[in-house]
Amino acid sequence: MIKDRLFRIMLENYGYQGWWPITSMAGEEGFNSLGYHPGDYTPPHNKAERFEIIVGALLTQNTSWINVEKAIEHMRMEAIITPEDILKTPPDKLAFVVKSSGYYNEKAKKLKRISGFFADDVKLEKESAFSGIVTREILLSLWGIGKETADSILLYAYHYPVFVVDTYTKRILSRLGIIRGSESYDEIQMLFSSEELNAEKHKFCNEYHALFVQHAKRYCRKKPVCSGCPLADMCIMRKTGKNIIIGDYR
DNA sequence: CCCCAGGGAATTC
DNA sequence: GAATTCCATGGG
C-alpha cells in the first residue's frame with residue numbers, strides 16, 4: 001500500500017514527532033522543552049491537557065504554531081486556562097490575550113463558544129461534552145469548528161482513530177500524484193482510512209499527520225525544496241518538473 | 001517590500 | 001456545490 005510506504009519513509013527520515021505539543025507540560029518528565037513527547041508513545045490526557053489541545057487546535061487555524069504558543073503562554077500568564085476562566089473574561093481582553101495568534105477577534109469568539117460547551121457548570125441547549133460523548137457532528141455544530149479542527153480535536157485530544165486532512169496533506173498528496181487536488185476533504189480522508197479495528201490505530205493517524213506537517217515544513221513548502229527530499233523518487237512534480245497542483249494548496 | 005502560516009464562516013452564484 | 005472575501009499577527 002502506498003500509504004504505508006509513504007508513512008515508513010517519512011518516519012525513517014523524521015522520526016516520531018511527539019504530537020500534540022502541550023506547552024504547559026514543557027520540561028516535565030516525558031516532554032521536551034517545547035511540550036512535545038518524542039518517541040512511540042501517546043500519553044493519556046487529563047482534563048486540563050485535553051482542553052489545552054482543544055484551545056491550540058482552534059488558535060492554530062491558518063496560523064503558525066509559534067504564534068499560537070505565544071498566545072497560550074499569554075493566557076497562562078493571565079490565568080485564563082479553563083473554560084470557566086475563558087467564559088468570565090471580557091471579550092476585548094480575551095482578544096488582546098490571544099492577539100499573537102492572529103484573527104484575534106474571531107478566535108476570542110471561538111474560544112468563548114467552545115468553552116461554553118466544555119464548561120462543567122454551563123448548560124447550553126446541547127448536552128455538556130463532559131456528560132456525554134464528543135462526536136464529530138457535535139463539534140462541527142459549534143461555530144468556529146470545521147472538519148479539520150474537529151478531526152484534530154477527536155484525534156489529539158480524545159485519541160479517536162481519525163485521519164486529519166490539512167493544507168499540507170493536500171499539497172503533498174497532489175504533488176506526489178496521489179490526488180488530483182480537486183478532491184473533497186472527506187474523499188481524501190477516506191484514502192487513509194481502514195476498516196480494520198485496531199486499538200493502536202489512533203497512533204498511526206497521530207504520527208501520520210505530524211509527519212506530513214514536518215515534511216511540508218522541511219521540503220514540501222509552497223515553494224518546494226526538492227534537493228534532498230526523501231520522497232523525490234516517488235514524486236510526480238519532481239519527475240515532471242512541474243507543479244501539478246490544481247487547487248491553491250498553500 | 002513581499003510571502004507565508006497545522007481554517008472557517010459568510011456571501012454569492 | 002464551487003468560488004470569493006474577510007479575518008490579522010509575526011517571522012522570514
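All chains are named by letter (A, B, ...) in the order of the sequence lines, taking the proteins before the strands, and each is independently numbered beginning at 1.
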| query | In terms of side-chain heavy atoms of A:S64, which of B:dA5, B:dA10, C:dA8 is nearest? | reply | B:dA5
| Do A:T23 and A:E52 have side-chain N/O donor and acceptor atoms under 3.5 Å apart? | yes
| request: For A:I145, report the nucleic acid contact type (base, sugar-phosphate, nothing); a contact means any heavy atom under 4.0 Å. | output: sugar-phosphate
| request: Decide yes or no for A:M10 and A:F212: does some side-chain heavy atom of the first lie under 4.5 Å from some side-chain heavy atom of the second? | output: yes
| task | Classify the nucleic acid contact of A:K147 as base, sugar-phosphate or nothing, counting any heavy atom under 4.0 Å across all strands shown. | result | sugar-phosphate
| field | Separation of atom NZ in A:K110 from atom C1' in B:dA10, rounded to whole Å | value | 12 Å
| Separation between the P atoms of C:dG10 and B:dG8, rounded to whole Å | 22 Å
| message | Nearest to the A:K70 side chain among C:dT9, C:dG11, B:dA10, which nucleotide is it? | response | C:dG11
| Same-atom distance (P) from B:dC3 to C:dT5, integer angstrom | 16 Å
| remark: By nearest-heavy-atom nucleotide on DNA chain B, the more 5' of A:G144 and A:Y36 is A:Y36
| remark: To the nearest angstrom, the CZ-P distance between A:F212 and B:dA5 comes to 16 Å
| request: Using whole Å, report how far NZ of A:K222 lies from P of B:dG7. | output: 13 Å
| task | Would you please classify the geometry between the A:F163 ring and the A:F192 ring as parallel, tilted or perpendicular, with 30° and 60° separating the classes? | result | parallel
| query | A:N67 side chain N/O closer than 4.0 Å to the phosphate oxygens (OP1, OP2) of B:dA5? | reply | no
| query | Out of C:dA8, C:dG10, B:dG7, which nucleotide sits closest to the side chain of A:K99? | reply | C:dG10
| Does a side-chain N-to-carboxylate-O contact under 4.0 Å join A:K70 and A:E73? | no
| note | A:K109 NZ to C:dA8 C1', in whole Å, measures 15 Å
| query | How close or far is atom C1' of C:dT9 from atom CD of A:E69, stated in whole angstroms? | reply | 15 Å
| said: Looking only at the side chain of A:E148 (C-beta and beyond, no hydrogens), which of the listed nucleotides C:dG10, B:dG7, B:dA9 gets closest? | reply: B:dG7
| request: Would you check, one step at a time, whether the test side chain to side chain donor-acceptor pair (under 3.5 Å) holds for A:K110 with A:Q61? | output: CA-CA 11 Å; A:K110 291 176 181 181; A:Q61 290 173 356; 2.6 Å; yes
| query | Below 4.0 angstrom from OP1 or OP2 of B:dG8, is there any side-chain N or O of A:Y103? | reply | no
| task | Establish, with yes or no, whether the OP1 or OP2 oxygen of B:dG7 is under 4.0 angstrom from a side-chain nitrogen or oxygen of A:T167. | result | yes
| query | Please give, in whole Å, the distance from C:dC7 P to A:L58 CG? | reply | 19 Å
| field | Atom pair distance, as rounded to whole Å: CZ in A:R113 and P in B:dA9 | value | 11 Å
| query | Rounding to a whole Å, what distance do you find between A:R218:CZ and B:dA5:P? | reply | 16 Å
